[in-house]
Amino acid sequence: MLFLLIIAHDEAFAPDDKLFADIHAWIADMDATGVRRGGKPLRPAGDAVTVRLRDGATVCTPGPFSGADEQMCAYDLIECADIVRATRIAASHPMAARASVEVRPVWEDIGRAA
């Protein structure tokens, strides 16, 4: 099963060199085990544009779609047997101790032809 790890932090978050090193080590470990399928850090939420189509008109709003205190800052796509394993992997991510990691199952079979 595929799972998206959605990594988010609030405005008070301040990364340091040790955290970056720990993240790079985690990525190398997950890549070496074949669990991680991809992922990247994201530019700040303030750089986002939210796009909606309403009554036939495209509406572009500066900023993220969510007004939450925590904003998505990175993502990782992992593949493992089940959500129990996925949550263990998420808990091992260095950002779990400094921010939050949401584990979201990917809906792999939606839209497939019967």
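What you see below is based on every heavy atom in this structure, not just the backbone, and it leaves out hydrogens, waters and symmetry mates.
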Membership question, hydrophobic clusters at under 4.5 Å side-chain separation (ILVMFWY): are L19 and V101 in the same one? yes
G34 backbone acceptor or donor facing R37 side chain under 3.5 Å: yes
Hydrophobic clustering (ILVMFWY, side-chain heavy atoms < 4.5 Å, transitive) - are V35 and L2 grouped together? no
Report yes or no: does R36 contribute a side-chain atom to a donor-acceptor pair with the main-chain N or O of G39 at less than 3.5 Å? yes
Passing candidate, side-chain contact (heavy atoms from CB on, under 4.5 Å) with Y75, options L4, L5, I6: L4
Atom of A96, atom of A90 and distance for their closest heavy-atom approach: CB-O, 3.5 Å
In terms of heavy-atom contacts, A99 and A8 come closest through CB-O, 2.9 Å
Are the side chains of M30 and I78 in touch, meaning some heavy atoms are under 4.5 Å apart? no
Rounded to the nearest 0.5 Å, what's the gap from CD1 on I23 to CE on M95? Could you check? 5.5 Å
D17 atom CG, neighbour heavy-atom count above 12 within 6.0 Å: no
For a 4.5 angstrom cut-off between non-hydrogen side-chain atoms, does H93 reach D76? yes
Under 4.0 Å between a side-chain nitrogen and a carboxylate oxygen: does that hold for R98 and D16? yes
To the nearest 0.5 Å, how far apart are CZ in F3 and SG in C80? 5.0 Å
Distance col, row C60:SG vs L53:CG, nearest 0.5 angstrom, shows 10.0 Å
Give, for atom CG of D31 and atom NE2 of H24, the distance between the pair rounded to the nearest 0.5 Å. 12.0 Å
Less than 4.5 Å apart, side chain to side chain, heavy atoms only: is that true for E79 and M1? no
Any non-hydrogen side-chain atom of T50 less than 4.5 Å from a side-chain atom of R52? yes
Note, C73 side chain near L42 side chain (heavy atom, < 4.5 Å): no
Quick one: are P105 and I83 in side-chain contact, heavy atoms under 4.5 Å? yes
Output all residues satisfying side chain to side chain donor-acceptor pair (under 3.5 Å) with D82, sequence neighbours left out; order by chain, then residue number. none
